[in-house]
K.L.:
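Below you'll find the structure I mean.
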Number of protein chains: 4
Amino acid sequence: MSAAEDFGLEDVEPASSAAGKPLTKRGAATRTKLLEAAEHVFADLGYHEASIVKITERAGIGLGTFYLYFDSKQAIFEALVVDLNRRVRHSMAEAMEGAPNRIEAERAGFAGFFRFTAQHPALYRVVREAEFVSPEMLRLHYTRIVEGYRAGLEKARAAGEVRDVDPEVTAWALMGLGELLGMRYILWERDADGNRPEAMPAAVFEQMIQFINHGLAPREEQ
Amino acid sequence: MSAAEDFGLEDVEPASSAAGKPLTKRGAATRTKLLEAAEHVFADLGYHEASIVKITERAGIGLGTFYLYFDSKQAIFEALVVDLNRRVRHSMAEAMEGAPNRIEAERAGFAGFFRFTAQHPALYRVVREAEFVSPEMLRLHYTRIVEGYRAGLEKARAAGEVRDVDPEVTAWALMGLGELLGMRYILWERDADGNRPEAMPAAVFEQMIQFINHGLAPREEQ
Amino acid sequence: MSAAEDFGLEDVEPASSAAGKPLTKRGAATRTKLLEAAEHVFADLGYHEASIVKITERAGIGLGTFYLYFDSKQAIFEALVVDLNRRVRHSMAEAMEGAPNRIEAERAGFAGFFRFTAQHPALYRVVREAEFVSPEMLRLHYTRIVEGYRAGLEKARAAGEVRDVDPEVTAWALMGLGELLGMRYILWERDADGNRPEAMPAAVFEQMIQFINHGLAPREEQ
Amino acid sequence: MSAAEDFGLEDVEPASSAAGKPLTKRGAATRTKLLEAAEHVFADLGYHEASIVKITERAGIGLGTFYLYFDSKQAIFEALVVDLNRRVRHSMAEAMEGAPNRIEAERAGFAGFFRFTAQHPALYRVVREAEFVSPEMLRLHYTRIVEGYRAGLEKARAAGEVRDVDPEVTAWALMGLGELLGMRYILWERDADGNRPEAMPAAVFEQMIQFINHGLAPREEQ
DNA sequence: AATGAATGAGCTTTCATTCAT
DNA sequence: AATGAATGAAAGCTCATTCAT
């Protein structure tokens with residue numbers, strides 16, 4: 001329950017309610033089609049290789065229509081980052097729902113994050129490219145997730161479940177560690193057929209959890 | 001001692017020995033000027049905003065000359081990644097030289113990494129953008145550094161200085177953790193005048209080291 | 001009658017029906033403007049001196065618009081060769097319409113060819129340059145015209161109007177002979193004001209016809 | 001004898017004596033190397049794809065050296081046209097040497113022309129491209145050869161060996177006819193291995209000669 | 001006589017954005 | 001609300017030519 005809230009579930013507004021002019025039912029559908037098309041096109045091609053034409057073609061709508069919903073290529077990109085960020089946090093929060101303690105919440109949260117990563121490779125590709133397209137978006141993404149970790153750590157520390165760590169710094173450490181392991185062991189990995197795995201190897205996940213647990217555990221627990 | 005070697009100091013070749021046609025002394029100087037200009041231009045503007053003209057103007061040479069030394073914009077970008085990677089590893093290895101034990105080596109290595117980060121913001125900007133320009137270069141960068149961590153952990157484990165961790169996985173975790181903290185607490189930080197700090201706050205660094213130490217320490221030590 | 005058909009009048013499709021994306025009436029007009037501009041620019045400047053900017057400027061349209069209709073400079077050049085070839089054959093076929101016999105058909109056909117040459121100097125310039133830009137186009141041009149001669153000769157031979165010549169070889173001979181005379185006595189000739197003549201001198205034309213007639217005439221006719 | 005002279009054998013000067021600064025023995029050798037390299041490079045690549053670097057590389061000399069011998073790319077191209085023209089006329093004149101009469105001289109001359117064509121495909125490629133690089137050179141080439149035909153026809157007419165034709169016009173007709181047949185039946189032809197034939201098929205040659213003979217023969221002969 | 005590093009004008013091509021329909 | 005033809009700034013790259021060595 002509260003663990004889930006740490007990741008900001010409450011601020012989740014439906015993507016389609018965000019900015020963008022036409023507000024009829026038809027208009028909302030068009031906007032959603034654009035955002036979905038953009039997710040795939042940006043993920044497959046990257047920001048610069050992607051083009052408005054490719055997005056509108058994939059969305060099955062006319063080129064000019066694009067500008068009824070988004071002011072620019074950058075605008076839809078930013079909307080997409082916000083959307084993905086909302087969804088990955090949702091995924092983490094959902095996974096943590098009902099976790100009995102810090103350790104379990106941690107496992108569940110990371111598992112949720114990695115599951116989302118495996119299912120939506122666009123997350124990394126788009127978010128990491130945001131650094132070069134719209135740096136504020138990158139910060140927003142990291143900051144929002146880190147805030148979830150931070151809040152969780154804060155509570156856990158208050159409850160004596162973790163050492164007396166600086167929650168902020170530690171949250172960033174966890175974020176970085178999770179991100180690189182997700183990249184290395186999910187996104188870079190391919191099986192014989194060139195397909196990405198659906199999750200990271202359990203052993204790797206265990207190693208990571210052990211490392212974190214040792215890193216955080218209060219002295220007396222050990 | 002050996003800690004330094006783990007980061008591949010021995011493979012350090014001078015940048016100017018790499019590909020590029022003209023081989024005279026004058027030619028080598030020109031190539032170096034180009035690489036230096038590219039470091040700044042790519043760091044300031046990013047790959048796509050950067051242009052060959054901007055690089056050659058900054059280098060103070062003619063546009064056409066560029067193509068005597070590099071086949072394309074991407075080629076110089078890749079050469080730059082290789083160069084920066086070599087230099088950051090050098091910086092880390094140098095810092096670790098003579099460290100009496102694992103813990104000190106760790107502190108020194110990370111300090112070296114962060115120092116280089118503070119002095120060469122281009123490292124992050126260029127390397128991280130490589131993901132979208134030349135993905136193999138990104139892997140090469142991470143892999144080479146991780147290999148240094150891995151080798152160090154392997155030895156430390158054999159010496160009983162760390163828990164029985166998987167050196168590979170742990171190395172990636174350390175890389176990720178260091179990278180994000182460097183980004184957050186060095187690159188994103190500005191003082192009142194808008195200048196970047198010369199290092200991360202000591203407290204943050206300490207927190208990080210503590211986290212790593214707890215994460216790695218053999219049970220009996222604690 | 002049939003002489004006209006030999007030059008493939010029936011395959012004449014309007015130039016504007018060929019490839020090129022935009023299909024509206026406005027689009028067809030733009031494509032035609034481009035092709036007309038290209039004819040003049042290529043004829044005046046040659047392929048390499050010509051540039052897309054010069055073509056679009058002459059056509060009075062934006063540079064980028066060009067690429068809506070043609071994939072490249074070479075593509076419009078090839079379209080132009082096809083167009084000119086179609087038109088010169090049309091001109092020849094039209095001239096031969098209703099010729100009472102082989103000799104008259106021959107005169108008329110060559111006259112049509114030379115008339116077109118005088119009116120469209122671009123034909124030679126563009127077609128002959130095709131040899132170096134798009135060799136298949138050159139072959140296509142010569143082959144299509146030669147095929148007209150060949151078919152005519154075949155029929156004339158069957159009708160006993162010409163010696164027992166090889167129609168194919170003879171057709172190429174006629175093509176070559178006509179081409180060089182057209183170049184020499186129309187394209188290279190200038191009057192006092194530097195203007196090209198509207199036709200070759202009648203005496204030259206007569207000489208040529210006589211030469212051909214003697215070359216082809218059945219023994220008994222002479 | 002005289003037939004040979006008609007093609008201007010007497011004006012044959014060695015290529016290396018033409019313009020070009022350095023005049024030492026070494027210099028002459030360098031100039032020849034350049035001209036030979038240019039023949040191949042221009043023939044293989046065409047004028048625009050050819051580059052000075054490619055020519056000097058093929059010649060095995062330094063780039064800068066080129067400009068000691070030729071003022072520009074166009075200059076060496078023109079020198080090459082002059083050289084090839086001289087050589088093809090030489091080849092024709094040689095073949096005609098000692099021909100007993102007009103008919104035999106004709107056969108021999110064309111045979112010489114086609115033999116040279118088969119052995120030096122560069123002739124067509126370079127000469128025909130001259131039209132777009134240096135039009136005066138093209139005229140010079142055609143005019144010099146035509147002058148040979150013309151002189152021969154003049155004499156033959158005086159001797160009653162041919163009809164009362166206009167030697168000039170007829171010469172151009174012969175030139176055109178020979179050129180296109182050479183292109184069609186030698187240069188365009190390839191055997192199963194993609195090799196060009198060493199000569200045109202005898203039957204084609206015969207057809208051509210017959211056509212010419214009929215075209216020129218005085219009435220009473222037939 | 002010979003060299004090759006340096007130069008920059010000029011070309012082709014792409015694509016985000018506008019706007020008349 | 002939807003469309004797609006039109007636009008032109010801006011980029012990467014080539015190569016004939018120069019000139020210091």
Side-chain angles (χ1 to χ4, degrees), chain A residues 21-27 29-31 48-57 61-76, chain B residues 21-31 48-56 61-74, chain C residues 21-31 48-56 61-74, chain D residues 21-27 29-31 48-57 61-76:
Chain A
K21 285 61 123 304
L23 293 156
T24 64
K25 205 182 299 177
R26 187 186 178 193
T30 303
R31 187 176 194 278
H48 289 93
E49 287 299 300
S51 70
I52 308 293
V53 189
K54 281 171 187 151
I55 293 173
T56 52
E57 268 174 2
I61 65 163
L63 164 59
T65 310
F66 176 91
Y67 288 89
L68 258 27
Y69 296 90
F70 298 96
D71 286 341
S72 64
K73 185 180 176 181
Q74 180 157 337
I76 195 175
Chain B
K21 275 72 92 355
L23 297 156
T24 62
K25 205 183 300 178
R26 186 186 181 195
T30 303
R31 188 177 193 279
H48 289 93
E49 287 300 301
S51 72
I52 309 293
V53 186
K54 282 170 186 154
I55 293 173
T56 52
I61 65 163
L63 163 60
T65 309
F66 175 89
Y67 290 92
L68 257 26
Y69 297 90
F70 299 97
D71 286 341
S72 63
K73 186 179 172 181
Q74 178 156 338
Chain C
K21 275 72 89 0
L23 296 155
T24 63
K25 204 183 298 178
R26 187 186 180 195
T30 303
R31 188 176 194 278
H48 288 93
E49 286 301 300
S51 72
I52 309 292
V53 186
K54 283 169 187 155
I55 293 173
T56 52
I61 64 165
L63 164 59
T65 309
F66 175 90
Y67 290 91
L68 257 28
Y69 297 91
F70 299 96
D71 287 340
S72 63
K73 187 180 170 181
Q74 177 157 338
Chain D
K21 283 61 118 314
L23 293 156
T24 65
K25 206 183 297 178
R26 187 185 178 195
T30 303
R31 188 177 194 277
H48 290 93
E49 286 300 299
S51 71
I52 308 293
V53 190
K54 281 171 188 152
I55 293 173
T56 53
E57 269 175 2
I61 65 163
L63 164 59
T65 310
F66 175 90
Y67 288 90
L68 258 26
Y69 297 90
F70 298 96
D71 287 341
S72 63
K73 185 180 177 182
Q74 179 158 337
I76 194 175

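A note on names: the letters A, B, ... follow the listed sequences, proteins ahead of strands, and every chain is numbered from 1.
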K.L.:
Output one letter per nucleotide in nucleotides 10-21 of chain E: B when a protein non-hydrogen atom lies under 4.0 Å from the base, S when only the sugar-phosphate is that close, - when neither is.
P.N.:
--SBB-SBB---
K.L.:
For DNA chain F, what is the dot-bracket line, given that a base pair needs Watson-Crick (N1 to N3, plus N6-O4 or O6-N4) or G-U wobble (N1-O2 and O6-N3) geometry with both distances under 3.5 Å, and | means paired with another strand?
P.N.:
.||||||||||||||||||||
K.L.:
From D:Ile61 CD1 over to D:Tyr69 OH, what is the distance, rounded to the nearest 0.5 angstrom?
P.N.:
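D:Ile61 CD1 to D:Tyr69 OH: 7.5 Å, rounded to 0.5 Å.
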K.L.:
Could you tell me the separation between the CZ atom of D:Phe70 and the C1' atom of E:dA2, rounded to a whole number of Å?
P.N.:
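Rounding to the nearest Å, CZ of D:Phe70 and C1' of E:dA2 are 16 Å apart.
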K.L.:
Could you pull out the closest heavy-atom pair between C:Phe66 and C:Thr56, with the gap in Å?
P.N.:
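Minimum heavy-atom contact is CB-CG2, 3.7 Å.
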K.L.:
Quick check: closest heavy atoms across D:Lys54 and D:Glu49, and the distance to 0.1 Å?
P.N.:
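Result for this residue pair: NZ-O, 3.2 Å.
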K.L.:
Taking only the side-chain nitrogens and oxygens of B:Thr30, find out if one of them lies under 4.0 Å from OP1 or OP2 of E:dA5.
P.N.:
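Checking E:dA5 against B:Thr30, no side-chain N or O comes under 4.0 Å of OP1 or OP2.
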K.L.:
So, is B:Tyr69 near the phosphate of E:dA5, with a side-chain N or O under 4.0 Å from OP1 or OP2?
P.N.:
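False: B:Tyr69 side-chain N/O out of range (4.0 Å or more) of E:dA5 OP1/OP2.
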K.L.:
Return the value, rounded to whole Å, for the distance between atom CD1 of B:Ile55 and atom P of F:dA10.
P.N.:
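Taking CD1 of B:Ile55 and P of F:dA10, I get 18 Å after rounding.
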K.L.:
Establish, with yes or no, whether the OP1 or OP2 oxygen of F:dA2 is under 4.0 angstrom from a side-chain nitrogen or oxygen of A:Arg26.
P.N.:
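Answer yes for this pair, as a side-chain N or O of A:Arg26 is under 4.0 Å from OP1 or OP2.
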K.L.:
To the nearest 0.5 Å, what is the distance between CD1 (B:Ile52) and OH (B:Tyr67)?
P.N.:
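B:Ile52 CD1 to B:Tyr67 OH: 4.0 Å, rounded to 0.5 Å.
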